[in-house]
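The basis for the numbers below is simple: all heavy atoms, side chains too, and nothing from hydrogens, waters or symmetry mates.
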Amino acid sequence: MFAIDDRDLDGVILDCGGGASGFVAEARAMGARALAADPLYAHGAAVLADRLSAGLDQGNAMINANADRFVWEWYGSPERRQKMRRDARSEFLADIRRHPDSYLAAGLPHLPLADESVDLVLCSHLLFTWAGRLDREWHRTAITEMSRVSRGEVRIFPLVRLGDGESVDFFDALQADLRAEGLVCAVREVPYEFQRGADHMLTVGKAKGGLL
Ligand SMILES: C[S@@+](CC[C@H](N)C(=O)[O-])C[C@H]1O[C@@H](n2cnc3c(N)ncnc32)[C@H](O)[C@@H]1O
């Protein structure tokens with residue numbers, strides 16, 4: 001989703017809106033330093049274990065009911081995707097029990113982290129995905145906050161809404177808002193597509209040397 005390379009894994013990575021993904025656990029196993037932030041983590045591992053099973057079932061049901069909106073080249077098959085999601089959930093639950101300090105119970109647009117305290121911020125399936133509920137101003141403040149804590153880039157995936165896979169009507173205006181704050185935005189293709197047409201991420205960084 002984020003075209004991560006070895007250089008990215010050298011720095012500290014924040015997975016914002018990390019949910020029950022196995023990213024922090026997997027990054028840790030690769031020797032990287034990663035942490036995640038999500039309001040969900042306030043519930044603690046035991047409650048999460050119960051809730052996540054129901055969440056996976058709901059997600060699978062939604063995908064089955066809207067099969068034409070998804071492509072299977074990356075996962076291979078619905079069964080393989082379900083296994084990967086179950087494995088990710090298990091890795092997540094084991095990791096949050098072992099390393100609770102890596103999981104911050106916090107939500108955008110406020111992160112309890114110092115300015116430029118991480119090297120890279122990743123955010124998947126929150127911004128743009130929920131653009132029906134979260135407006136342009138919320139997106140602007142959320143991205144500004146993620147940029148504040150990052151020494152490097154913020155990467156956001158995907159760039160389309162969940163329900164209909166359509167692009168977000170305020171996308172260009174939002175980029176103009178961010179540029180006006182001195183941030184540099186770019187849209188990059190990534191080697192992952194599941195929701196049909198959702199194969200680009202937005203990168204947001206700080207302008208170097210004050211030149212835009
Ligand atoms: C659809 S899930 C995506 C989880 C994960 N990023 C992934 O792609 O598998 C959206 C996540 O965003 C979290 N979330 C909701 N509001 C948030 C906020 N204000 N700040 C950070 N995360 C939030 C939810 O708790 C949920 O875990």
Side-chain angles (χ1 to χ4, degrees), residues 1-42 74 88 91-92 94-130 134 138-159 171 174-175 177-192 198-212:
M1 295 176 200
F2 296 110
I4 288 175
D5 62 21
D6 289 344
R7 218 175 25 166
D8 296 326
L9 292 171
D10 283 342
V12 179
I13 306 175
L14 170 67
D15 183 10
C16 196
S21 81
F23 177 76
V24 172
E26 212 167 307
R28 191 194 308 287
M30 295 172 80
R33 290 160 295 161
L35 67 160
D38 196 305
L40 202 65
Y41 302 149
W74 197 88
E91 282 182 46
F92 160 74
D95 201 60
I96 195 172
R97 287 187 169 113
R98 243 180 263 136
H99 304 280
D101 292 350
S102 300
Y103 294 87
L104 310 176
L108 291 167
H110 302 293
L111 296 172
L113 293 168
D115 294 357
E116 304 200 339
S117 50
V118 304
D119 294 288
L120 174 64
V121 180
L122 308 176
C123 184
S124 68
H125 301 102
L126 174 59
L127 276 73
F128 306 124
T129 294
W130 297 107
L134 302 166
W138 189 90
H139 280 69
R140 187 190 66 72
T141 53
I143 294 172
T144 303
E145 177 68 348
M146 290 189 281
S147 299
R148 180 186 68 75
V149 305
S150 181
R151 288 185 282 270
E153 273 181 356
V154 176
R155 298 182 191 169
I156 301 164
F157 175 90
L159 307 182
F171 189 71
L174 174 66
Q175 286 193 74
D177 293 342
L178 297 169
R179 289 192 181 110
E181 291 184 21
L183 297 169
V184 181
C185 305
V187 172
R188 274 177 59 192
E189 192 169 359
V190 296
Y192 172 89
D199 56 355
H200 286 76
M201 66 176 172
L202 176 68
T203 67
V204 182
K206 294 178 180 115
K208 298 269 183 307
L211 292 175
L212 297 182

4.5 Å side-chain heavy-atom contact, V204 and M146 | no
First locate atom SG of C185, then atom CD of E153, and finally report the distance between them rounded to the nearest 0.5 Å.
-> 10.5 Å
Hey, does L127 have a side-chain heavy atom less than 4.5 Å from the side chain of H139?
-> yes
Applying side chain to side chain donor-acceptor pair (under 3.5 Å) to T144 and not counting sequence neighbours gives E181
Output side-chain donor-acceptor pairs under 3.5 Å for residues 96-111, partner residues at least two apart or in another chain, one line each.
from: S102; atom 1: OG; to: R28; atom 2: NH2; distance (Å): 3.1
from: Y103; atom 1: OH; to: D95; atom 2: OD2; distance (Å): 2.6

Approximate separation, where rounding is to 0.5 Å, of L174 CG and R140 CZ = 9.0 Å
With D6 via side chain to side chain donor-acceptor pair (under 3.5 Å) - residues at least two apart | none
For S21 and D15, the nearest pair of non-hydrogen atoms, with its separation, is OG-OD2, 3.3 Å
Calculate, to the nearest 0.5 Å, the distance between atoms CG and CG belonging to L120 and L14 respectively.
-> 9.0 Å
W74: what forms a side-chain contact (heavy atoms from CB on, under 4.5 Å) with it, not counting sequence neighbours?
-> M84, Y192
Taking all heavy atoms of S124 and all of M1, pick out the closest pair and write down the distance.
-> CB-SD, 4.0 Å
In sequence, state the C-alpha distance, the side-chain angles, and the governing distance for H200 and F157, and then conclude on ring pair (Phe, Tyr, Trp, His ring centres under 6.0 Å).
-> CA-CA 7 Å; H200 286 76; F157 175 90; 9.2 Å; no
Just grab all the salt bridge (Lys or Arg N to Asp or Glu O under 4.0 Å) pairs involving residues 112-129, residues at least two apart or on different chains.
-> D115-R148, E116-K206, D119-R151
Any ring pair (Phe, Tyr, Trp, His ring centres under 6.0 Å) pairs touching residues 1-24, not counting sequence neighbours?
-> none
For A88, all residues meeting side-chain contact (heavy atoms from CB on, under 4.5 Å), sequence neighbours excluded = none
Who are the side chain to side chain donor-acceptor pair (under 3.5 Å) partners of Y41, not counting sequence neighbours?
-> none
Show your reasoning for whether side-chain contact (heavy atoms from CB on, under 4.5 Å) applies to V154 and L183.
-> CA-CA 10 Å; V154 176; L183 297 169; over 6 Å; no
Please tabulate, one pair per line, all N/O donor-acceptor pairs under 3.5 Å involving side-chain atoms of residues 29-38, not counting sequence neighbours.
from: R33; atom 1: NH2; to: D10; atom 2: O; distance (Å): 2.9
from: D38; atom 1: OD1; to: L40; atom 2: N; distance (Å): 2.9
from: D38; atom 1: OD2; to: G19; atom 2: N; distance (Å): 2.8

What residues form a side chain to side chain donor-acceptor pair (under 3.5 Å) with Q175, not counting sequence neighbours?
-> R179
From CD1 (I143) to OG (S150), nearest 0.5 Å | 12.5 Å
Residues at least two apart in sequence or cross-chain that pass salt bridge (charged side-chain N to carboxylate O under 4.0 Å, His left out) with D8, listed by chain then number, are R155
